[in-house]
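In what follows, a structure is listed as structure tokens, so that the remarks can point back to it.
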Amino acid sequence: MKKNALEQGIYNTPAGKILVQADDALRGIRFIEEKHSFENSFSDNPVLTNFSHWLENYLSGLKPEFSQFQNSLILEGTPFQKLVWDELIKIPYGKTTTYGAIAKSVGEKLGKEKMSAQAVGNAVGKNPFPILIPCHRVLGKNGELVGYSGGLEKKIALLKLEGHEFK
């Protein structure tokens with residue numbers, strides 16, 4: 001089967017602009033700086049159209065499901081990273097968890113008594129689909145706002161969108 005050409009779309013979110021890339025599958029999402037300029041060429045790409053609808057629902061608070069992307073998402077990473085990302089997918093809209101809680105869950109799946117929260121943090125930081133795979137919902141010990149590949153201001157903006165309040 002011939003793969004479609006890689007296309008991209010730029011979307012505005014409360015956390016900033018994101019660049020989404022897809023061909024016959026979703027290939028990646030990343031935050032971009034305002035100074036970058038890309039040509040939008042996604043009008044006929046059904047994967048980008050699907051993501052656009054998902055994002056619109058997410059931004060309007062409709063709590064869209066991740067499941068619609070199960071067959072159109074290319075997750076490239078180590079087996080450990082994929083285990084961590086699977087845990088991220090399970091975090092419900094508007095809820096948070098900690099790196100430690102994810103480490104415990106992943107450790108149990110791997111049959112380990114102890115798993116490093118730092119190792120989990122490294123895997124979370126390599127998430128190729130921020131927002132869609134909700135790494136912004138992961139907090140440090142005692143609910144501390146730590147770590148986000150796009151920067152803490154983006155993490156705060158996404159958590160506020162989901163109903164969290166910060167001083």
Side-chain angles (χ1 to χ4, degrees), residues 8-22 25-38 48 51-70 72-107 109 115-167:
Q8 55 195 20
I10 297 174
Y11 304 89
N12 288 311
T13 76
K17 289 184 179 187
I18 56 171
L19 173 70
V20 182
Q21 295 179 313
L26 205 52
R27 297 289 172 170
I29 299 171
R30 66 182 170 97
F31 287 98
I32 58 172
E33 300 294 321
E34 297 293 325
K35 62 185 176 185
H36 286 92
S37 175
F38 297 93
L48 286 173
F51 176 79
S52 178
H53 294 304
W54 181 92
L55 184 63
E56 186 177 305
N57 287 334
Y58 172 77
L59 295 175
S60 61
L62 294 178
K63 305 176 188 178
E65 292 293 322
F66 172 82
S67 59
Q68 69 191 74
F69 294 100
Q70 291 294 100
S72 63
L73 191 71
I74 302 299
L75 275 173
E76 295 177 351
T78 67
F80 178 76
Q81 288 170 337
K82 289 179 181 180
L83 273 175
V84 171
W85 299 338
D86 284 344
E87 291 299 310
L88 297 178
I89 292 166
K90 296 174 188 173
I91 308 168
Y93 181 100
K95 303 291 183 190
T96 59
T97 191
T98 64
Y99 292 98
I102 293 174
K104 183 176 185 214
S105 180
V106 169
K109 288 181 178 155
M115 173 63 57
S116 164
Q118 184 176 4
V120 166
N122 287 334
V124 168
K126 295 198 179 351
N127 172 12
F129 298 98
I131 302 176
L132 182 60
I133 297 179
C135 51
H136 61 278
R137 296 178 187 153
V138 183
L139 305 174
K141 279 185 185 176
N142 304 316
E144 297 168 2
L145 283 167
V146 294
Y148 192 64
S149 61
L152 284 182
E153 71 284 346
K154 290 176 174 36
K155 184 174 196 162
I156 291 168
L158 292 170
L159 289 171
K160 281 183 176 180
L161 175 73
E162 294 184 13
H164 295 275
E165 294 187 22
F166 300 95
K167 295 177 183 178

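Quick note: residue numbers are just sequence positions, from 1. These values consider heavy atoms only, across backbone and side chains, with no hydrogens, waters or symmetry-generated copies.
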Exercise: identify the closest heavy-atom pair between Gly9 and Leu48: N-CD1, 4.2 Å
Minimum-distance pair of heavy atoms, taken over all atoms of Phe31 and Pro130: CE1-CB, 4.2 Å
Quick one: salt bridge (charged side-chain N to carboxylate O under 4.0 Å, His left out) partners of [X], sequence neighbours excluded?
X	answer
Lys63	none
Glu87	Lys90, Lys109
Lys82	none

Check side-chain contact (heavy atoms from CB on, under 4.5 Å) between [X] and all other residues, then give those that pass, not counting sequence neighbours.
X	result
Gln118	Ser116, Asn122
Ala123	Phe80, Gln81, Val84
Ile74	Ala25, Arg27, Glu76
Asn57	Leu62, Pro64

Donor-acceptor contacts, no H, no angles, side chain residues 139-159, under 3.5 Å, sequence neighbours left out:
{"unit_1": "Lys155", "atom_1": "NZ", "unit_2": "Val138", "atom_2": "O", "d": "2.4"}
{"unit_1": "Lys155", "atom_1": "NZ", "unit_2": "Val146", "atom_2": "O", "d": "2.7"}
{"unit_1": "Lys155", "atom_1": "NZ", "unit_2": "Gly147", "atom_2": "O", "d": "2.9"}

Partners passing side-chain hydrogen bond (donor to acceptor under 3.5 Å, both in side chains) against Glu162 (at least two apart in sequence or in another chain): Tyr58, His136, Arg137
Partner set under ring-ring contact (aromatic ring centres under 6.0 Å, His included) for Phe66, not counting sequence neighbours: none
Those residues that, when tested against Phe51, pass ring-ring contact (aromatic ring centres under 6.0 Å, His included) (two or more places apart): Tyr11, Trp54
Any pair counted as salt bridge (charged side-chain N to carboxylate O under 4.0 Å, His left out), so long as it reaches residues 118-133, sequence neighbours left out: none
